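Read the numbers this way: they start at 1 and go in the same order the structure lists the ligands and their atoms. Computed from a predicted structure; not experimentally measured.
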Amino acid sequence: MTIQWFPGHMAKARREITEKLKLIDVVFELVDARIPLASRNPMIDEITAGKPRLLLLNKADMADPEATKQWVHYFENKGLPVLVLNAKTGQGINKIEAKAKELVKEKFDKMKAKGIVKPRAVRALILGIPNVGKSTLINRLAGKNIAVTGDKPGVTKKQQWIKVGTSLELLDTPGILWPKFEDQEIGLKLAVTGAIKETLLDFTEVVLYALGYLKVHYSERLCERYNLADIPEEPLALFDEIGRKRGCLMSGGYIDYEKAAEIILRDLRAEKLGRLSYELPLQ
Ligand code: GDP
């Protein structure tokens with residue numbers, strides 16, 4: 001589902017998250033490992049101010065492992081703890097509990113020293129833009145299929161805690177944040193990875209953008225998949241070439257770009273070109 005964000009929705013999402021933040025000790029910020037910056041909310045630092053945060057690079061199974069390694073270093077160097085996950089299979093999620101405990105240790109030790117509270121579980125909230133895998137992760141952590149949905153307007157639902165392991169509790173509804181959409185390139189990255197519907201953008205433009213990126217970073221895989229001897233300089237010429245190779249022609253010999261775009265996007269999503277990341281940290 002793609003949410004269309006308007007200023008009113010953003011204000012409401014922010015209010016709801018602010019309320020939830022009062023209940024928790026640590027924020028799990030979920031992003032797409034293939035585009036860890038483009039899939040972040042632009043105001044995340046401000047919104048979560050003061051709360052310890054663990055960054056979760058999800059969908060790592062689809063990301064380029066070399067790029068993911070670079071991203072882990074990048075965020076750790078910035079002082080942001082990070083874990084690499086596949087929420088679909090659960091790979092990596094067994095490390096979450098220990099990391100969360102580590103992040104609140106100082107606060108809990110202080111409380112203990114002051115005799116303020118009895119030992120209790122660490123409470124956490126999952127935050128992220130739509131489609132990064134929040135519900136999938138909550139279901140995984142819950143260990144069974146509970147119905148997890150975002151807050152629906154007009155329906156007040158009691159917050160529930162999901163027990164994870166022995167010392168972690170997770171709010172059963174995630175905080176849904178808006179993506180950065182003021183930047184055209186970010187929109188294109190979100191569309192390529194399926195975080196927003198490509199129909200919201202020009203379908204062929206999304207593919208043209210992807211080809212421009214792949215040409216620079218994964219040229220060998222493009223050559224192999226589409227049987228190209230070499231890669232044309234211009235992304236549009238590359239688009240033409242792939243279209244021709246795949247027989248996407250209209251009468252008069254013109255390239256049927258829509259059809260070619262559909263084939264390429266399907267290939268990318270089905271990992272026919274392997275595991276791809278669409279962002280790298282600046283060196
Ligand atoms: P939410 O909107 O953030 O709650 O996202 P969902 O949990 O609904 O996930 C969006 C889509 O991504 C679904 O089709 C999931 O099956 C898929 N997904 C979630 N996590 C992963 C993952 O780690 N790997 C892969 N390959 N797909 C995932």
Side-chain angles (χ1 to χ4, degrees), residues 1-5 9-10 12-14 16-17 20 27-42 44 47-48 53-65 67-69 71-72 82-96 124-153 157 159-160 162 164 170-181 186 189-200 265-279:
M1 178 194 59
T2 303
I3 300 173
Q4 295 257 38
W5 294 93
H9 296 148
M10 286 151 69
K12 183 167 179 281
R14 194 170 173 177
E16 282 169 358
I17 287 167
K20 288 178 176 172
V27 168
F28 297 156
E29 182 195 354
L30 203 58
V31 297
D32 187 319
R34 297 167 294 172
I35 46 166
L37 296 184
S39 60
R40 296 185 100 178
N41 169 272
I44 189 78
I47 291 171
T48 62
R53 202 183 336 151
L54 173 61
L55 185 68
L56 303 174
L57 302 181
N58 193 37
K59 306 198 185 185
D61 54 304
M62 292 194 280
D64 179 340
T68 302
K69 216 188 287 172
W71 280 116
V72 169
V82 44
L83 284 179
V84 174
L85 297 188
N86 174 353
K88 225 169 160 178
T89 61
Q91 208 171 355
I93 68 167
N94 57 350
K95 297 198 183 116
I96 293 178
L125 166 69
I126 290 181
L127 276 188
I129 67 167
N131 266 311
V132 286
K134 296 179 298 299
S135 313
T136 309
L137 179 61
I138 292 174
N139 279 324
R140 267 281 150 198
L141 288 170
K144 57 186 186 305
N145 263 346
I146 51 160
V148 176
T149 51
D151 296 330
K152 291 200 180 72
K157 184 174 162 283
Q159 302 279 4
Q160 292 195 356
I162 292 166
V164 181
L170 186 68
L171 264 189
D172 70 341
T173 51
I176 304 171
L177 285 165
W178 59 94
K180 295 176 212 166
F181 26 47
I186 289 174
K189 288 178 186 176
L190 291 168
V192 174
T193 54
I196 59 173
K197 275 216 176 76
E198 62 275 1
T199 48
L200 286 178
L265 212 51
R266 206 188 313 131
D267 282 354
L268 294 176
R269 301 241 165 104
E271 295 180 65
K272 297 286 191 215
L273 283 87
R275 297 165 67 178
L276 303 170
S277 292
Y278 294 92
E279 272 180 346

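Atom 11 (C) of ligand 1 has its closest protein heavy atom at Lys59 NZ, 3.9 Å. Looking only at heavy atoms of the protein, atom 20 (N) of ligand 1 is closest to Asn58 ND2, 3.1 Å. Closest to atom 22 (C) of ligand 1, if we only count protein heavy atoms, is Asn86 OD1, 3.4 Å. Looking only at protein heavy atoms, the nearest one to atom 26 (N) of ligand 1 is Asp61 OD2, 2.7 Å. For atom 5 (O) of ligand 1, the closest non-hydrogen atom of the protein is Gly133 N, 3.1 Å. Looking only at heavy atoms of the protein, atom 2 (O) of ligand 1 is closest to Asn131 N, 2.8 Å. Protein heavy atom in closest approach to atom 4 (O) of ligand 1: Ser135 OG, 2.7 Å.
Under the 4.0 Å criterion applied to side-chain N and carboxylate O atoms, Lys12 and Glu16 are assigned as salt-bridge partners.
Per-residue contacts place Ala87 under 4.0 angstrom from the following atoms of ligand 1 (heavy atoms of the residue considered): 20 (N), 22 (C), 23 (O). With ligand atoms numbered from 1 in the order given, ligand 1 contributes 25 (C), 26 (N) to contacts under 4.0 Å with heavy atoms of Met62.
In this structure, the side chain of Lys20 engages the main chain of Pro174 through a donor-acceptor pair within 3.5 Å. Using modelled atom types, no side-chain atom of Arg140 and backbone atom of Gln91 make a donor-acceptor pair closer than 3.5 Å.
Atom NZ in Lys180 sits 9.0 Å away from atom CG in Leu190 (nearest 0.5 Å). Taking CD1 of Ile129 as the start and CD1 of Ile176 as the end, the distance is 11.5 Å to the nearest 0.5 Å.
Two residues are said to be in side-chain contact when any heavy atoms from C-beta on lie closer than 4.5 Å; Lys88 and Asp61 fail this criterion. Taking 4.5 Å as the limit, every side-chain heavy atom of Leu137 sits out of range of all side-chain heavy atoms of Phe28. Within the 4.5 Å cutoff, the side chain of Val164 has no heavy atoms near those of the Ile96 side chain.
Proximity of atom 28 (C) of ligand 1 to the protein is indicated by at least one non-hydrogen atom lying closer than 4.0 angstrom.
Of the listed options Ile176, Asp32, Val132, Thr136, Thr136 places a heavy atom closest to atom 15 (C) of ligand 1. In this comparison of Lys88, Lys134, Gln91, Arg269, the heavy atom closest to atom 16 (O) of ligand 1 sits on Lys88.
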